[in-house]
Trainee: 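Could you have a look at this structure, given as structure tokens, before my questions?
In what follows, chains carry the letters A, B, and so on, assigned in the order in which the sequence lines appear, proteins first and then strands, with residues in each chain numbered from 1. The analysis underlying the following values was restricted to heavy atoms, covering all of them including side chains, and did not include hydrogens, waters or symmetry mates.
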Amino acid sequence: MIQELPKISTSLFPKSDFPNLLTAVNGQALAYLDSAASAQKPHAATEATTAFVEHQYANVHRGVHTLSQLATDAYELVRDQVKVVLNAADRNEIIFTKGCTESINLVAQSFARPLLQPGDEILLTELEHHSNIVPWQLAAEASGAKVIAARIHDNGELDLEDFKAKLNSRTKIVAFTHISNALGTILPAKEMTEMAHAFGATVLIDGAQSGPHAAIDVQEIGADFYVLSIHKMYGPTGVGVLYGKLNLLEAMPPYQGGGSMIRSVSFEETTFAELPAKFEAGTPNIAGVVGLGATLDYIAGPNWNRDSWVRRVTEIGNYEAVVREYGVSQLAEIEGLSVYGDAEEMAGIISFTLKTVHPHDLGTILDQHGVAVRAGHHCCQPLMKRLGVPATARASIAAYNDLEDMDRLASAVIAAKEIFA
Amino acid sequence: MIQELPKISTSLFPKSDFPNLLTAVNGQALAYLDSAASAQKPHAATEATTAFVEHQYANVHRGVHTLSQLATDAYELVRDQVKVVLNAADRNEIIFTKGCTESINLVAQSFARPLLQPGDEILLTELEHHSNIVPWQLAAEASGAKVIAARIHDNGELDLEDFKAKLNSRTKIVAFTHISNALGTILPAKEMTEMAHAFGATVLIDGAQSGPHAAIDVQEIGADFYVLSIHKMYGPTGVGVLYGKLNLLEAMPPYQGGGSMIRSVSFEETTFAELPAKFEAGTPNIAGVVGLGATLDYIAGPNWNRDSWVRRVTEIGNYEAVVREYGVSQLAEIEGLSVYGDAEEMAGIISFTLKTVHPHDLGTILDQHGVAVRAGHHCCQPLMKRLGVPATARASIAAYNDLEDMDRLASAVIAAKEIFA
Amino acid sequence: MSWDLRDLYQETILDHQKHPRGKGALENATHTATGYNPLCGDKVTIQLAVNDGKIDEIRFDGEGCAICMSSASMMTVSLQGQPVSDAEELFQRIQKFLTANDESAAMEDIDTLGDLAALGGVRRLPVRIKCANLPWHTFKSAIQGEQSAKTE
Amino acid sequence: MSWDLRDLYQETILDHQKHPRGKGALENATHTATGYNPLCGDKVTIQLAVNDGKIDEIRFDGEGCAICMSSASMMTVSLQGQPVSDAEELFQRIQKFLTANDESAAMEDIDTLGDLAALGGVRRLPVRIKCANLPWHTFKSAIQGEQSAKTE
Ligand SMILES: Cc1ncc(COP(=O)(O)O)c(C=O)c1O
Ligand SMILES: Cc1ncc(COP(=O)(O)O)c(C=O)c1O
């Protein structure tokens, strides 16, 4: 894809903006290549969050006093920001959850479970993360529906023919990941959504890995639901996003009951609040949501808007592709090393195995060299089975990684190989 | 209860430990009397959390690399700490959720919903917060069970006779608040639990308000489930606790599906992980949980244990009772002011109305005097109906409040009265 | 205080709160709607008798804070006997007055508002704007034939 | 590196990994259990032929990292032909060796462990202790008549 590697001397996000990247691990400088599991946090956003907690904090949506109002304003402002990030049509389409996993469970329970009839089908893909499999299995079990998975090609690309062949009039839900966390494959989300809509299915897209690395336009894709995990977007833990089309969210029953999601409560009858409150029962992760806002500001710079956001994340995606390409070229020199995933469209993930060294041992040895990678099934056991490996080692690239991190990765892999020689 | 008011010159927790308390609001020093909605956070805990995020952060439970291990250790250590706070028998009885509301919904959906048969009863009290009503209504609706509420006396005390009379062999769940957030009433949790158990019912206790203000011993109470909201315990938002007896949690199906909560996943069959992982699907609020640990350290001091924890929170409860008593005595001087809730056992909450001034107006006027109280139904609409008021003003007291805050409250109320004279 | 509470609780407001005009039920109402503010529990019912495009009678009832109750009371005074089209136009002016971000835009029509100008104090307190606005939104719902309104 | 990887991947470990002893299926097994490490996907099956309180035969099979596979291989060597009671006692010693918090307590019996002492490198890497321990827990499950084990 990339014709000529540009010279990259420093990373797109300065490492010094992320204090944890400067931590010494096992006496080595850290080469953090596990951002697909969770990204490190910019100091500026942590600081802004602390400032909020220490100068504007109170509970939201309930109080007439000043702090409560300040906190509510800060919290709700972030809803507007996320609307821009996803290009949603309406701010009430943005629901804050505790993460991608909760967002998917919410849709599986409040949308799918009441809808599904025995014999109905939920179509997934072989690439899915457990968080985009198990919630559907639970809803299917409760309703007698079936979970089905579209196959992938050996290079990690989705087999679009098989996907198409598995769509039919019983297909009620289609759920797939925008970017595979285990391989890095980018799926043709718009095309798949159109195919699914042709059969009347409702489409949920798992954006856990696309959020931080690609421009997303839910209207252009046509997604019915789109979910994000903020801790993977350089933001705080315990925050997620559910985007849903207004008419779908409006028609859905609430997921959790509690404070803030009601209009009126009596022991005889309870009526529910409008969107988005209906799906945000209880005190939300106020500081986390405010921290998300500060993180978006860090990523896109002051006074960002839709245009500058799209430019920035496109730049990030391109940068990471360059770093990946370089890393793959370095690893390719190592005999016995296989990289999994070689689709046309790849995000910044390198999944690999080494003939003589088990991924778990590789993980430990790399760690001793200060190189943090993930080793295991990446919460994708069905995919591992499909690839015929128990596990892989995975280096995932973020905007703060650089070519040197790739060099460190390659030389640590060589060192591992030598131990087992 | 308190014979002689000790002289209190400084608060139990120094205000200067809580930066937000030093914020000027409307040009006035802040008298923050809304801790029952959410408590302010000690700087020491915020700082410790930042140190974690900036030096040890990674995702938990999945990685072989050093940061992942450090993060997992830090996260799991807090589970041991919470076990001590509640005096649970086993660390696997402690599940981290996003809040009290989620904890109750989890039990309502995973425990109650499969158990309940048409005609079964769920017994609550008239004191309950919407978060301890609506989840049960949702479970009851799905199963054909009925939600019933035990009455209170006019002084806000539970009518134990009525509670007893409403228990019967159809009562499957009994859920009640340990301390009323709207009135401050402390309920006889142990006695009520024993009464409920005599009919074979399972008991959930809502500890949202007891967590920060009272010593809790789930084994001594005999509670089957006990839930906490950490943001009310001076800790971060987006973290809650579900305590459940081991045998109950083990027998329950999972609530949400996703990463970490599985043993193995295939499209044909999925098996679930052991406790506590089974109920912690997806990436948890890692920084929030670590922040909880730091908050407990702040509250109880370094190297705390069960004994020193109990001593400390008992001291906090006693201190707050003294401040409350003083506040009530000041307010009692104001003609037309009525305090709601006058049970034998009261926590640090003062709920009141003023004849000539609507609580909402009172809230605004107090706020302009720098006094932050809540005005409204406190997410307790059935209780407001029972008391025959649309709303009350509520001053809630934490360990950082002092007698001067009470004086400020009383004089601001007098100012409000004058405006409407 | 950086700002005087008397700006919010002006004499006019307190007067309408203590001596509400147009309060009570209306027999032969052609339009009725009830509005709620779920945040604070305020509740206002507006009843209208509209004939030939004119508001012959208007009444309010309900329970709420001083801002909400006096706003309702002043509203009945302003709308009583008005053509519906003028009432709707006044609704628009009130919206601009209470919610326009730009202070000078908000103040443009202040001279045409009479007693209603006393509601302007809420502009400084976003959380209370809903209180002032609840009767107006409820009126709007009533005239449009809806039965409930809210202000969030 | 602050610590030498050769401490973890000692010659003994690498030798057992490359040339596993006791690997394969056992016919006429009296006890069988399979252990999983859900974290990394390691899977070990242990089969035993126990007669008159003695382990006549022991085999392992499965898939996993070097630590896990060599631990299993060494275990078959140590337990082959041993009385069950001795095997259970060795299980206890291994637990202490791998998991005792106190370093000197852990090291007490090191001289009695033979090749197994090579597993000691994992003590420095808590996340890898489970790898070394999985075969042992699976053995324990098998002898107790359970069919599955895990190490978390
Ligand atoms: C008694 C009681 N129960 C439940 C809750 C709900 O807690 P949260 O909103 O943190 O989930 C609250 C807090 O508002 C409460 O006071
Ligand atoms: C593709 C994908 N989907 C879903 C998830 C689940 O996200 P979380 O654990 O933040 O809920 C992840 C992250 O592990 C992921 O990579």
Side-chain angles (χ1 to χ4, degrees), chain A residues 19-20 23 25-26 34 37-38 40-41 46 50 53-55 57-59 62-67 98-99 101-102 105 129-131 133-135 137-138 147 149 231 236-238 256-259 262 264-267 270 281-283 285-288 360 363-364 367 372 374-375 379 381-382, chain B residues 19-20 23 25-26 34 37-38 40-41 46 50 53-55 57-59 62-67 98-99 101-102 105 129-131 133-135 137-138 147 149 231 236-238 256-259 262 264-267 270 281-283 285-288 360 363-364 367 372 374-375 379 381-382:
Chain A
N20 210 10
T23 305
V25 164
N26 299 313
D34 196 20
S38 198
Q40 298 298 337
K41 322 301 177 200
T46 306
T50 297
V53 169
E54 303 204 329
H55 299 295
Y57 179 75
N59 210 328
R62 299 183 194 178
V64 303
H65 64 76
T66 301
L67 284 176
K98 76 176 172 186
T101 299
E102 177 169 71
N105 278 277
H129 187 281
H130 295 161
S131 286
I133 300 174
V134 185
Q137 291 180 324
L138 296 176
V147 171
H231 70 96
T237 50
Q256 298 183 332
I262 57 100
S264 78
V265 172
S266 74
F267 288 114
T270 289
T283 303
N285 187 349
I286 302 166
H360 214 172
T364 295
D367 182 48
R374 184 115 314 196
C379 296
Q381 287 184 354
Chain B
N20 210 10
T23 304
V25 164
N26 298 314
D34 196 20
S38 197
Q40 299 298 337
K41 323 301 177 197
T46 306
T50 298
V53 168
E54 302 204 329
H55 299 295
Y57 180 74
N59 210 328
R62 300 183 192 176
V64 303
H65 63 76
T66 301
L67 285 175
K98 76 176 172 188
T101 299
E102 178 170 69
N105 278 277
H129 187 280
H130 295 162
S131 286
I133 299 175
V134 186
Q137 290 180 325
L138 295 176
V147 171
H231 70 96
T237 50
Q256 298 183 332
I262 57 98
S264 77
V265 172
S266 74
F267 289 114
T270 289
T283 303
N285 187 348
I286 303 167
H360 215 172
T364 294
D367 182 48
R374 183 116 316 197
C379 297
Q381 289 184 353

Trainee: Quick check: closest heavy atoms across B/Y57 and A/Q40, and the distance to 0.1 Å?
Mentor: O-NE2, 3.0 Å
Trainee: If you count heavy-atom pairs under 4.5 Å between each of B/T283, B/L67, B/V53, B/N105 and chain A, which one has the most?
Mentor: B/N105
Trainee: Is any side-chain heavy atom of B/N285 closer than 4.5 Å to a side-chain heavy atom of A/K98?
Mentor: no
Trainee: Using heavy-atom distances under 4.5 Å, tell me whether A/H55 contacts chain B through its side chain, its backbone, both, or neither.
Mentor: both
Trainee: For each of B/D34, B/T50, B/T46, B/T66, tally heavy-atom pairs with chain A at distances under 4.5 Å, and name the one with the top tally.
Mentor: B/T66
Trainee: Looking at residues at least two apart in the chain, or sitting in another chain, which of them share a side-chain contact (heavy atoms from CB on, under 4.5 Å) with B/A372?
Mentor: A/H65, B/L30, B/Y32
Trainee: Indicate yes or no: at least one non-hydrogen side-chain atom of B/H130 is less than 4.5 angstrom from one of A/T270.
Mentor: no
Trainee: Specify which of B/V25, B/L138, B/T237, B/V134 makes the most heavy-atom pairs with chain A at under 4.5 Å.
Mentor: B/T237
Trainee: Is A/Q381 reaching over with its side chain to a backbone N or O of B/S266, donor-acceptor style, under 3.5 angstrom?
Mentor: no
Trainee: Please identify, among A/C379, A/A287, A/S131, A/A149, the residue contributing the most non-hydrogen atom pairs under 4.5 Å to chain B.
Mentor: A/S131
Trainee: Return the set of residues passing side-chain contact (heavy atoms from CB on, under 4.5 Å) with B/A281 (not counting sequence neighbours), or none when no residue passes.
Mentor: A/T101, B/Q256, B/M261
Trainee: Need one label for A/I262: side chain, backbone, both or neither, based on atoms under 4.5 Å from any heavy atom in chain B.
Mentor: side chain
Trainee: Find the one option among B/G282, B/S264, B/P382 whose heavy-atom pairs under 4.5 Å with chain A are most numerous.
Mentor: B/P382
Trainee: For a quick test of reading the model, state the closest non-hydrogen atom pair linking B/V147 to A/F267 and the distance between them.
Mentor: CG1-CD2, 4.2 Å
Trainee: With respect to chain A, which residue among B/G363, B/G238, B/A375, B/G288 yields the maximal number of heavy-atom pairs within a distance under 4.5 Å?
Mentor: B/G238
